[in-house]
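Let me begin by presenting the structure, written as structure tokens, before commenting on it.
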Amino acid sequence: MNNSDSSINPRQLGTPRGGSFATVPTSGDRKNLNKPTRGRKKSIFEAYASKEDVSAGLKRGELIQGPLRINPKKYHEAFIPSPDGSRDIFIDGVVARNRALNGDIVVVKLLPREQWKVIKPDGSDKETEVTHESDVPEDMLGTCVPQETAKGDAQSPDVIIEAQFDDNDAEHGQDHLQDMLTDDIKKISLDTGEKGKAAGVSGVQRTKQDDGPKANDPRLLPDEFLQRTAKVVYILEKKHSRAATGFIKLLADRNSELFKRCAMFSPVDHRVPRVYVPLADCPADFVSKPEAYSQMLFICRIVDWKEDSNFASGQLCKSLGQAGEIEPESEGILTEYGVDFSDFSPEVLECLPQNLPWVISPEELAKRRDLRKECIFTIDPSTARDLDDALSCKQLPDGNLEVGVHIADVSYFVLEETALDKVASERATSVYLVQKVIPMLPRLLCEELCSLNPMQDRLTFSVIWKLTPEGKILDEWFGRTVICSCVKLSYDHAQSMIDSPGKVLSPEELPPVSPHHAIAEIQEAVLNLHRVAQRLRQQRFTEGALHLDQMKLSFALDQESGMPQGCYIYQYRDSNRLVEEFMLLANMAVAHQIYRSFPEQAFLRRHPQPQTKLLKDLMDFCNQVGLEIDFSSAGTLHKSLSETFGADKYSRARKEVLTYMFSRPMQMALYFCTGVLDDERLFHHYALNVPFYTHFTSPIRRYADIVVHRLLSASLGARSPITMEKEAIQKQADHCNDRKMASKRVQELSADLFFSVFVRECGPLESEAMVMGVLSKAFDVLVLKFGVQKRIYCNALPLVDFRYQKAGKKPELTLLWEPEELEGESVPQVITIFTLVEVVLTADGGPLKYSALLKRPSLDK
């Protein structure tokens, strides 16, 4: 093997801005792995097209661009969205993927029609578009959060939720990839006239279907039975971080030259290619004691992947620690997704106020509306330390209410063009793991100077309305203010006030309260806010909003070891909804204000309509199982979901299953600059069903909100006009979208990590589960006690036999269990959508793997 496979090319790959981290699996041709070759090696991958050809091809419509998504359960399958919203375009195999990694923006060329994928009419193995990481905006979710998670994520409406999936369910290990790669080269028979063919293609015989038409010949089938296939010809933007966690191994051939220079890095995620790393990067005694490192996690960064190599080449960055331990695994997750968790530099810290304790200057006070004597308070999770927002509610003599939303004025401290501003814009968001937060801003700001801590004077940006008791807006005011919160309430405190409106709480039942405000005054404000929030919420859904309430897992951690002691489904209650409604109201009000003032530069958030093809598939499915769901709009969908189920004890479970299903066609909500979209209708937010929306309420943890604060300030004449061009604002919006997606995925993977450790330490765990998908040899369940999804394979169960069929249009598996006694009878069990089953979650052999097994049904069922 020539040097190109082992040398490290330190060429600049650009700043990792990571969407999803998960990449191509690739494998080696074992026959030729370490054999010396003469002359030039054959290429495995096609050379990328030139920028000029790509640009021309995109303009002519001959090429298509989009984000690459790799199936986490069958990692040789990849997809990009179809520009017209129809069925995703299929990219079959490693060779067709051409070294692109998950999340990369790629350019593809469609393959000839005879190579398009035929979709099985019975759908028995249809996973084609169901297993993707679906993007459900948090406006549709009663999102709830483990301890340490941002309060804003519990109430504010736009965190992206990806459908959970389990990489442990991948059906083939890395060692199977050899055959896959060989198959790939055969499958991707390219047009014979093309230049730069992939090696191995030219020598492969045309498939038999070319000898004459067959019943499943794509050329003879209508489009509805076909999925277009394509190959990657160019990578427009490397969104993937090019970092991975995994293990190092010696090469198999100890006599090869390569053995003396390189080790093999095998990623934990099978979708990532294996990587040659220099032995110089490995521990000094690795060659003599490789077994000592068999369970040691390492971080590797891919720096190159040549056309003629089955493997990428990279650099081993660091050793993390033992696989399966929380801190090494957490650091690996953060690194893979390009999260900057380094300490803030001295240059950044110099931007902070140096004279502590910091006090508001008289000059600054004079510029602001002084609300320090008002009854203003925060409502957050009990563990929250970064308090972005506060609320106030005052009864007016005319019977109306003055309601205020007061948001930390972070832009006062984060000045444009400073080192602090630069690092905040690059991080773009705080990242919430189960056990800790990676903050966007230094802790002096996050937890002290910006945080709206009780009995402390704080700078804020406020939206104050005059509202009728029914929630109708009579007047609206925006401005810079100064407040002094009188108490830090938790959601539990606020909920107890809502649950027992006649009971006056004692000082012992609450955190410290300012002596200037009576507890009864605070309770009255909370109850008035609750009543108005109920009206606002009712009105929103009457006007056609959609809310998908997905189950979220929270953990109780041991204070000393940090290990999970217990886990539970977070309950989203009226106190959460109270805060959510007023954050939504403020975000919508600010969106209108900045768009009126800066129609070309406003930084808003839009939510496109669901993907057409996936929505149609869901409609077909609902028809098959006899569910009457109205998909014509977000509002009708919400109404159907709310009204479809009865009051029996399983209705909640069926609703949860449908909520997961409805999340699949949903697109991601996106930040954007209004000046780059010509059609105002594209600004629309599907889930909220409003024309304008933005993020204003969480500037401590989201850079998007800081941008919005600057726009709002400029719209009020409180600062110089915005000078950024619309293209620069859009670039920042794109980056915020990327980092928001990465942050959400990290949060989910952290929860997955803690749950895996919980199963290992406290399992086996038993739970009821509901079937949410049926395939020919397996079925998916939602584990109701923990809100996790798992796939159960028939061949892992003690069955005499199993049979897949359609009952009408409904997929159905009949399992025939082995008798428990030698001469006993086999027990049949029918598995279909919404079947309730008992499962046991048990730890597997790997450090963080666990599986779900179906409990044998009792004979009396």
Side-chain angles (χ1 to χ4, degrees), residues 150-152 340 342-372 376 378 380 384-390 405-431 437-463 478-485 586 590 603 695-716 718-720 722-724 732 736:
K151 186 279 297 287
D340 179 2
S342 62
D343 292 337
F344 290 98
S345 70
E347 186 186 11
V348 168
L349 297 177
E350 282 172 14
C351 300
L352 303 177
Q354 301 298 310
N355 297 324
L356 301 176
W358 173 83
V359 292
I360 302 169
S361 69
E363 295 79 21
E364 188 59 36
L365 268 176
K367 299 174 187 174
R368 294 172 179 264
R369 183 170 167 179
D370 192 344
L371 303 176
R372 287 177 292 176
I376 296 175
T378 57
D380 293 273
R385 294 195 295 271
D386 50 352
L387 313 183
D388 286 285
D389 55 274
V405 169
H406 314 278
I407 306 299
D409 188 357
V410 178
S411 62
Y412 173 84
F413 297 97
V414 182
L415 301 177
E416 288 175 89
E417 307 300 326
T418 61
L420 176 60
D421 185 48
K422 186 171 185 291
V423 76
S425 71
E426 286 170 356
R427 293 192 177 202
T429 180
S430 294
V431 179
V437 183
I438 310 300
M440 180 180 79
L441 297 169
R443 294 196 184 276
L444 178 64
L445 295 184
C446 284
E447 296 176 11
E448 295 183 50
L449 306 189
C450 291
S451 185
L452 306 183
N453 298 329
M455 277 81 86
Q456 298 283 330
D457 291 355
R458 289 291 179 258
L459 300 177
T460 44
F461 234 127
S462 299
V463 186
F478 302 93
R480 295 192 300 171
T481 52
V482 57
I483 70 164
C484 183
S485 170
V590 170
F603 191 102
H695 274 169
F696 160 75
T697 54
S698 297
I700 292 177
R701 64 182 184 87
R702 287 190 306 231
Y703 189 76
D705 301 52
I706 294 178
V707 175
V708 168
H709 276 228
R710 289 170 180 164
L711 286 161
L712 180 60
S713 184
S715 79
L716 301 172
R719 55 157 284 163
S720 55
I722 299 294
T723 56
M724 279 179 76
Q732 183 65 58
C736 287

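- Taking S425 as the reference, Y703, Q732 meet the side chain to side chain contact (heavy atoms under 4.5 Å, CB included) condition, with sequence neighbours excluded.
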*Verify side-chain contact (heavy atoms from CB on, under 4.5 Å) between M724 and V707, making sure each step is shown before the conclusion.*
CA-CA 11 Å; M724 279 179 76; V707 175; over 6 Å; no
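- Here the OG atom belonging to S485 is positioned 12.5 Å from the CG atom belonging to L371, to the nearest 0.5 angstrom.
- Partners of S342 under the side chain to side chain contact (heavy atoms under 4.5 Å, CB included) rule, at least two apart in sequence or in another chain, are D340, R427.
- One N or O on the side chain of S715 and one on the backbone of L712 form a donor-acceptor pair closer than 3.5 Å.
- The two residues F603 and V708 come nearest to each other via the heavy atoms O-CG2, 3.6 Å.
- Under the side chain to side chain contact (heavy atoms under 4.5 Å, CB included) criterion, A390 pairs with I376, T378, H406, L452, I483, not counting sequence neighbours.
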*When you look at K367 and E363, which way does the salt bridge (charged side-chain N to carboxylate O under 4.0 Å, His left out) test go after all the steps?*
CA-CA 7 Å; K367 299 174 187 174; E363 295 79 21; over 6 Å; no
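- Other residues, nucleotides and ligands place more than 12 heavy atoms under 6.0 Å from the CD atom of E364.
- For the atom pair CG (D380) and CG (D389), the distance works out to 6.0 Å, reported to the nearest 0.5 Å.
- How far CG of L349 is from CD of Q354: 8.0 Å, rounded to the nearest 0.5 Å.
- Scanning all heavy atoms of the two residues, the minimum distance from R368 to L459 falls at NE-CD2, 3.5 Å.
- Among all heavy-atom pairs drawn from T697 and A586, the shortest one is CG2-CB, 4.2 Å.
- For the side chain to side chain contact (heavy atoms under 4.5 Å, CB included) test, residues two or more places apart in sequence or in another chain that qualify with R372 are L365, D370, D457, V482, C484.
- Across S720 and A714, no two heavy atoms sit closer than the pair O-CB, 3.9 Å.
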Under 3.5 Å, side-chain donor or acceptor atoms of residues 410-418 against the rest of the protein: list the pairs with distances, not counting sequence neighbours.
unit_1	atom_1	unit_2	atom_2	d
S411	OG	D409	OD1	3.0
E416	OE2	R719	NH1	2.7
E416	OE2	R719	NH2	2.8
T418	OG1	L415	O	2.7
T418	OG1	D421	N	3.1

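- Between I700 and S430 the shortest side-chain heavy-atom distance does not fall below 4.5 Å.
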N/O donor-acceptor pairs under 3.5 Å from side chains in residues 438-451, not counting sequence neighbours:
unit_1	atom_1	unit_2	atom_2	d
R443	NH1	E447	OE2	2.7
R443	NH2	V437	O	3.3
E447	OE2	R385	NE	3.4
S451	OG	R385	O	3.1
S451	OG	L387	N	3.0
S451	OG	N453	OD1	2.9

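- Looking only at side-chain heavy atoms (C-beta outward), F461 and L716 come within less than 4.5 Å of each other.
- Here the side chains of H709 and V590 are not in contact, with every heavy-atom distance at 4.5 Å or above.
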